[in-house]
Amino acid sequence: MSEVLVLSGAEIRRLMRPSDYLRAMDEAFRAGDRVKSAPPMHIEAIGGAFHAKGAAMLGDRPLVALKFNGNFPDNSARGLPTIQGALLLCDAVNGAVLAIMDSIEITLKRTAATTALAARHLARPESLTLAICGCGEQARAHVEALAALFRFERGYAWDKFPERAAALAAEMRSRHGFAFDAAASLGAATRGADIIVTCTTTDAPFLASEHVSPGAFVAAIGADNPHKSEITPALMARSKVVVDVLDQCLVMGDLHHAVAADAMTAAQVHADMAELTTGAKSGRASAGEIIVFDSTGTALQDVASAAIVYERARQSGRGVELSLA
């Protein structure tokens, strides 16, 4: 058995830039039949849950990735990250284990890159104001990815814990150089915002029609299991809806809750990311329409990212090699 490359999150950060993830996401959603994915697995635990997602990329270098993440919302009280996990990268021809990687860095950056890719097609190009709802690590990744594409003049942070919003706003002001403030209320953050990102762990939808102005692009990131929900069914019904993967969003996204509430049907979904990136479906049709991107996360994002990480790690000599034999 050949040796396995082990890569930490810090090493992955040194290897990858936001533009690398953006390119990987664009290529992944354009890949068509060259990408195969399995339904995600959800395992309930004590105080949290585990998720497993796997996919294959069957191009010039056939690879399979399996990601296993634990999500434990109360971990902050224990001094631990909310999400912890690992990604296994394998050769799709002979089954050899090639690498074990920190999955959290990849999850954060590929999720934010997918939002940025969707925003490139669906947000107004002249977008100047960003609102972030939920001020954890995913928020930081999203500001970084979106600020690389848009010339923001102002940002707002909102969280049910005001101290988290204040900390994020101060950090983003320093890091990205545009005005960024903690909002006193949800509406104060989102009304008038051109781009809104919801990245919370809530199971009670909070973003409603009265919080969103005409022309806004909303990226709903948090509903990654059937119980979570961030966008009210009424807002979903009012908006043009784009999904990452339709079948998955029907069972574990905000679309799932809107359909269950009879607010809309699957046939009313405008497009998925594959249709959007290949041009099979159009993006924004008018300056005034509200567009919601329902992002549940798919393993094809992971395998596309891991493939680049592995290639660069081999070229640069990063990581630790070990034998599993």
Engineer: Write down the atom of R312, the atom of L15, and the distance for their closest heavy-atom approach.
Structural biologist: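 Smallest heavy-atom distance, with atoms named: NH1-O, 3.0 Å.
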Engineer: Are M273 and V243 close enough that some pair of their side-chain heavy atoms sits under 4.5 Å apart?
Structural biologist: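 No. Closest side-chain heavy atoms not under 4.5 Å.
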Engineer: As a quick check of understanding, evaluate side-chain hydrogen bond (donor to acceptor under 3.5 Å, both in side chains) for T298 and Q248, giving each step before the final call.
Structural biologist: CA-CA 8 Å; T298 169; Q248 187 167 291; 5.1 Å; no
Engineer: Quick one: do I308 and L87 end up in the same hydrophobic cluster if we chain Ile, Leu, Val, Met, Phe, Trp and Tyr together by side-chain heavy atoms under 4.5 Å apart?
Structural biologist: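 Yes, because I308 and L87 connect within a single hydrophobic cluster, where side-chain heavy atoms sit under 4.5 Å apart.
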Engineer: Which is it for H211 and T190 under the side-chain hydrogen bond (donor to acceptor under 3.5 Å, both in side chains) test, yes or no, and what are the steps along the way?
Structural biologist: CA-CA 6 Å; H211 301 128; T190 59; 5.4 Å; no
Engineer: Does the side chain of T278 reach to within under 4.5 Å of the side chain of F29, using non-hydrogen atoms?
Structural biologist: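 In short, these two side chains do not touch, never coming nearer than 4.5 Å.
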Engineer: Is the closest basic N to carboxylate O distance between R314 and E321 below 4.0 Å?
Structural biologist: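 Between E321 and R314 there is a salt bridge, with a charged N closer than 4.0 Å to a carboxylate O.
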Engineer: Do NZ/NE/NH1/NH2 and the carboxylate oxygens of R30 and E27 come within less than 4.0 Å?
Structural biologist: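 Answer for the salt bridge query: no.
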Engineer: To check you understand the geometry: which heavy-atom pair defines the closest contact between L130 and F152, and what is its length?
Structural biologist: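 Scanning both residues completely, I find the closest heavy atoms to be CB-CE2, 3.8 Å.
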Engineer: Side chains of residues 253-262: which donor-acceptor partners sit under 3.5 Å, not counting sequence neighbours?
Structural biologist:
unit_1, atom_1, unit_2, atom_2, d
D254, OD1, S229, OG, 3.0
D254, OD1, E230, N, 2.8
D254, OD1, I231, N, 3.0
H256, ND1, L250, O, 3.2
H257, NE2, P226, O, 3.2
H257, NE2, K228, O, 2.8

Engineer: Should the pair E105-K109 be classified as a salt bridge under the 4.0 Å nitrogen-to-oxygen rule?
Structural biologist: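 Yes, charged N to carboxylate O under 4.0 Å.
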Engineer: Apply side-chain hydrogen bond (donor to acceptor under 3.5 Å, both in side chains) to the pair D244 and T296, showing each step before the final yes or no.
Structural biologist: CA-CA 7 Å; D244 53 3; T296 55; 3.1 Å; yes
Engineer: Nearest 0.5 Å, what's the OG1-CD distance between T111 and Q138?
Structural biologist: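 T111 OG1 to Q138 CD: 4.5 Å, rounded to 0.5 Å.
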Engineer: Minimum heavy-atom separation for G95 to C90, with atom names?
Structural biologist: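 What the structure gives for the nearest pair is O-CB, 4.5 Å.
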Engineer: I need the minimum non-hydrogen distance between L322 and V6, along with the two atoms involved.
Structural biologist: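 Nearest heavy atoms, L322 then V6: CD2-CG2, 3.5 Å.
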Engineer: Output, in order, the C-alpha distance, side-chain angles, deciding distance and verdict of side-chain contact (heavy atoms from CB on, under 4.5 Å) for L7 and D102.
Structural biologist: CA-CA 6 Å; L7 290 160; D102 168 60; over 6 Å; no
Engineer: Is any side-chain heavy atom of M172 closer than 4.5 Å to one of I132?
Structural biologist: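 Of all side-chain heavy-atom pairs linking M172 with I132, none is under 4.5 Å.
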Engineer: Compare all side-chain heavy atoms of T114 with those of F293 and state whether any distance is below 4.5 angstrom.
Structural biologist: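 Side chain of T114 against side chain of F293, heavy atoms only: contact under 4.5 Å found.
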Engineer: Check step by step if side-chain contact (heavy atoms from CB on, under 4.5 Å) holds for M57 and R34.
Structural biologist: CA-CA 6 Å; M57 286 191 72; R34 289 180 288 126; 5.6 Å; no
Engineer: Are K281 and D272 within salt-bridge range, i.e. N to O under 4.0 Å?
Structural biologist: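 Looking at D272 together with K281, the answer is no, because their closest N to O distance does not fall below 4.0 Å.
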Engineer: When L122 is tested against each of L276, V292, I195, L117 for side chain to side chain contact (heavy atoms under 4.5 Å, CB included), which residue passes?
Structural biologist: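 The option that passes is L276.
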Engineer: Where do A55 and L300 come nearest, in terms of heavy atoms and distance?
Structural biologist: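 Smallest interatomic distance, heavy atoms only, reads CB-N, 3.7 Å.
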Engineer: Look at D26 together with R23 and state whether they make a salt bridge at an N to O cut-off of under 4.0 Å.
Structural biologist: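 Judged by the 4.0 Å cut-off on N to carboxylate O distance, D26 and R23 do not form a salt bridge.
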Engineer: CH2/W158 to CG/L207 distance, rounded to the nearest 0.5 angstrom?
Structural biologist: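 The CG atom of L207 is 9.0 Å from CH2 of W158, to the nearest 0.5 Å.
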Engineer: Hey, could you give me each pair passing ring-ring contact (aromatic ring centres under 6.0 Å, His included) that has a residue in residues 58-81? Not counting sequence neighbours.
Structural biologist: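 Pairs touching residues 58-81 that pass the test: F50-F68, F50-F72.
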Engineer: Could you note down all residue pairs passing side chain to side chain donor-acceptor pair (under 3.5 Å) where residues 40-57 supplies at least one of them, sequence neighbours left out?
Structural biologist: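 Listed once each, the pairs are H42-E44, H42-H51.
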Engineer: Taking 4.0 angstrom as the limit, do E11 and R318 come out as a salt bridge?
Structural biologist: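 Salt bridge between E11 and R318, a charged N being under 4.0 Å from a carboxylate O: no.
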Engineer: Could you walk me through whether S103 and N69 pass the side-chain hydrogen bond (donor to acceptor under 3.5 Å, both in side chains) test, one step at a time?
Structural biologist: CA-CA 7 Å; S103 68; N69 279 359; 2.4 Å; yes
Engineer: How close do A92 and V64 get, counting heavy atoms only, and between which atoms?
Structural biologist: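 Minimum heavy-atom separation between A92 and V64: CB-CG2, 3.9 Å.
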Engineer: Using side-chain heavy atoms (C-beta onward) and a distance below 4.5 Å, is L88 in contact with V97?
Structural biologist: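 Yes - at least one pair of side-chain heavy atoms lies under 4.5 Å apart.
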